[in-house]
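Okay, so here's the structure we're looking at.
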Amino acid sequence: MPELPEVETTCRGIEPHITGNDLQSVSVLQPSLRWPVPDSIEKLAGCRVGRVWRRAKYILIDVNRLTSNRSKGAPAGTLIIHLGMSGSLRICSNNTELRKHDHAEFRFHNGVCLRYHDPRRFGCILLSEQDVSEHALLSKLGPEPLSEAFDGKHLHRLSRKRKTPIKNFIMDSHIVVGVGNIYASESLFSAGIRPGRSASRVNAAQCDALAAHIKRILGNAIEMGGTTLRDFVNSEGSPGYFSQQLQVYGRSGEACRECGDGIKNKVIGQRSSFYCPTCQS
DNA sequence: CAACGGACCTGCCTGC
DNA sequence: TGCAGGCAGGTCCGTT
């Protein structure tokens with residue numbers, strides 16, 4: 001479920017419910033996620049949620065102290081939440097019944113409750129008590145795909161000596177963040193580049209096209225996520241709002257929408273990779 | 001450095 | 001119907 005558009009949609013969906021809201025309690029029901037959930041997050045009770053933002057696929061929630069005098073308004077820290085392969089965050093009320101795989105719960109004074117749900121437990125919940133951008137998980141990340149810092153020149157410059165497949169290259173978070181397995185295949189299809197081609201063999205013009213398609217496809221998907229925002233908190237399972245837009249992902253054996261040839265599925269870097277052998281070279 | 005494989009988990013689908 | 005096997009949208013880490 002969570003590629004960048006889902007993570008962005010999640011941020012936008014939870015933000016209005018929790019920003020400015022005061023935490024009554026934080027409970028860890030299952031600390032065994034990708035890394036142990038620190039006990040210290042339970043001490044955020046009594047704090048007020050500030051900004052809800054995102055870096056790559058990490059959801060970041062600033063939390064400030066409210067308690068006495070001097071420390072009032074001082075940052076208590078930033079929650080770092082990753083949804084892994086199967087995670088989700090949902091807003092409910094504090095008497096909503098817990099579901100299987102609800103691993104953490106943030107209850108607010110006004111009755112709102114934020115729950116972290118993750119069957120596969122590949123995600124994480126961490127607390128950074130310093131400048132979160134210096135956190136080991138965030139400090140070495142490449143640019144955001146929708147920012148001006150990311151463009152074809154960036155891709156071209158960094159790929160010159162890289163023989164790794166271009167698909168692996170664009171999924172490398174040191175190069176650019178937020179390009180997951182689905183959108184990597186989709187972007188490469190639009191750019192006419194086979195996923196297995198060596199990164200160093202993608203020329204400057206193709207890098208320009210690839211970067212532009214990554215921006216377009218991710219941007220569109222985020223916009224569509226936005227259209228489901230209204231009932232976001234109630235939604236069960238994956239929305240599937242982009243599945244109709246997919247040109248190659250998950251379509252092996254089906255006809256290419258451009259040329260009619262059969263879509264292929266090849267494992268590259270241990271991940272399924274879909275492409276059209278005629279449209280992509 | 002770069003490349004690669006393994007690791008972390010559960011659920012769901014397929015085929016015998 | 002049961003069960004083994006394969007597969008899944010992420011990404012860090014250790015080894016070569």
Side-chain angles (χ1 to χ4, degrees), chain A residues 1-10 29-37 54-59 80-89 99-104 116-126 128 135-142 145 157-189 195-201 214 217-218 220-222 224-225 228 235-253 265-274:
Chain A
M1 166 166 156
E3 288 230 20
L4 190 70
E6 285 74 19
V7 176
E8 177 66 25
T9 299
T10 296
L29 309 166
Q30 166 58 278
S32 170
L33 302 186
R34 170 149 199 186
W35 296 288
V37 180
R54 177 188 67 72
R55 175 73 173 105
K57 291 175 187 163
Y58 295 97
I59 294 165
I80 302 174
I81 300 178
H82 198 290
L83 302 177
M85 297 268 260
S86 57
S88 60
L89 280 172
R99 294 181 302 170
K100 192 178 182 185
H101 305 306
D102 279 346
H103 303 319
Y116 178 88
H117 179 89
D118 185 7
R120 287 176 74 181
R121 290 194 264 138
F122 281 9
C124 68
I125 301 176
L126 298 171
S128 164
H135 192 280
L137 289 174
L138 304 187
S139 63
K140 290 179 180 167
L141 294 174
R157 184 167 47 83
L158 295 184
S159 61
R160 287 313 78 198
K161 291 180 175 171
R162 300 290 300 272
K163 68 164 230 187
T164 196
I166 186 65
K167 175 164 177 277
N168 293 11
F169 184 73
I170 59 174
M171 290 177 67
D172 180 345
S173 64
H174 302 289
I175 306 303
V176 58
V177 301
V179 181
N181 200 39
I182 293 176
Y183 294 112
S185 279
E186 293 297 309
S187 305
L188 287 163
F189 171 78
R197 188 176 340 159
S198 169
S200 62
R201 300 199 167 203
I214 288 171
I217 291 171
L218 287 176
N220 283 347
I222 288 172
M224 279 185 264
T228 64
S235 70
E236 292 282 325
S238 51
Y241 53 80
F242 57 74
S243 57
Q244 295 162 350
Q245 315 275 329
L246 296 179
Q247 303 297 310
V248 290
Y249 186 86
R251 301 191 63 238
S252 67
N265 175 5
K266 184 178 177 187
V267 174
I268 297 170
Q270 293 130 274
R271 311 295 298 274
S272 289
S273 307
F274 299 86

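Since the structure is predicted, the reported quantities are computational estimates derived from the model, not experimental observations. Reminder, nothing fancy here: chain letters follow the sequence lines and each chain counts from 1.
Comparing B/dC9, C/dT11, C/dC12 by their nearest atom to the side chain of A/R271 picks out C/dT11. Side-chain proximity of A/L137 to C/dC12, C/dA8, B/dC8: nearest is C/dC12. Listed nucleotides: B/dT10, B/dC8, C/dG9. Nearest to the side chain of A/E6: C/dG9. Of the candidates C/dC7, B/dT10, B/dC8, B/dT10 carries the atom nearest the A/R120 side chain, counting heavy atoms from C-beta on.
Checking each of A/W35, A/Y58, A/F122 against A/H82 for a side chain to side chain contact (heavy atoms under 4.5 Å, CB included) leaves exactly one that passes, namely A/Y58. A side chain to side chain contact (heavy atoms under 4.5 Å, CB included) with A/I125 is found for exactly one of A/I59, A/V37, A/I80, namely A/V37.
In this structure, the side chain of A/R160 engages the main chain of A/S200 through a donor-acceptor pair within 3.5 Å. At distances below 3.5 Å, not a single donor-acceptor pair connects side-chain atoms of A/S128 with backbone N or O atoms of A/H135. Although no hydrogens or angles enter the test, the distance criterion places a donor-acceptor pair under 3.5 Å between the side chain of A/E3 and the main chain of A/G180. Although no hydrogens or angles enter the test, the distance criterion places no donor-acceptor pair under 3.5 Å between the side chain of A/R201 and the main chain of A/R197.
Residues A/P5 and A/A221 come closest through the heavy atom pair CG-CB, 3.5 Å. In this structure, A/Y116 and A/G123 approach most closely via the heavy-atom pair OH-CA, 3.3 Å.
Judged by closest nucleotide on DNA chain C, A/F274 is the one of A/F274 and A/G178 placed further toward the 5' end.
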* A/D118/A/H103 under side chain to side chain donor-acceptor pair (under 3.5 Å): CA gap, chis, key distance, verdict -> CA-CA 7 Å; A/D118 185 7; A/H103 303 319; 5.7 Å; no
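Going from the P atom of C/dC7 to that of B/dG5 covers 15 Å, rounded to whole Å. Here, C/dG6 and B/dG6 have their P atoms 15 Å apart, quoted to the whole Å.
A/S86 has no side-chain polar atom (N or O) that falls below the 4.0 Å cut-off from OP1 or OP2 of C/dA8. The phosphate of C/dC12 (OP1 or OP2) has no side-chain N or O of A/H82 nearer than 4.0 angstrom. The phosphate of B/dC8 has neither OP1 nor OP2 within less than 4.0 Å of any side-chain N or O from A/S32. At C/dG9, none of the side-chain N or O atoms of A/Y183 fall inside 4.0 Å of OP1 or OP2 (strictly under the cut-off).
Between the C1' atom of C/dG6 and the CG atom of A/N265 lies a distance of 13 Å, rounded to the nearest Å. Distance, A/Y116 OH to B/dC9 P: 13 Å, rounded to whole Å. Note: NE2 (A/H135) to C1' (C/dC12) measures 13 Å, nearest angstrom. Summarising the geometry, the separation between CD1 on A/I268 and P on C/dG9 is reported as 13 Å, rounded to the nearest angstrom.
Backbone-only engagement by A/Y58 is indicated by non-hydrogen atom pairs under 4.0 Å involving sugar-phosphate atoms exclusively. Looking at heavy-atom distances under 4.0 Å, A/K140 makes no contact with the nucleic acid at all.
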* Structure fact -> Nucleotide by nucleotide, nucleotides 1-6 of chain B touches protein heavy atoms under 4.0 Å in the pattern (B base, S sugar-phosphate only, - none) -SS-BB
Donor-acceptor pairs are to be reported for all side-chain atoms of residues 161-173 of chain A against protein atoms at under 3.5 Å, with residues two or more places apart or in another chain.
from	atom 1	to	atom 2	distance (Å)
A/K167	NZ	A/N181	OD1	2.6
A/K167	NZ	A/S273	OG	2.9
A/D172	OD1	A/H174	N	2.8

* Asked: What would the secondary structure line of DNA chain C be in dot-bracket form, counting Watson-Crick and G-U wobble pairs under 3.5 Å, with [ ] for pairs that cross earlier ones and | for pairs with another strand?
  -> .|||||||.|||||||
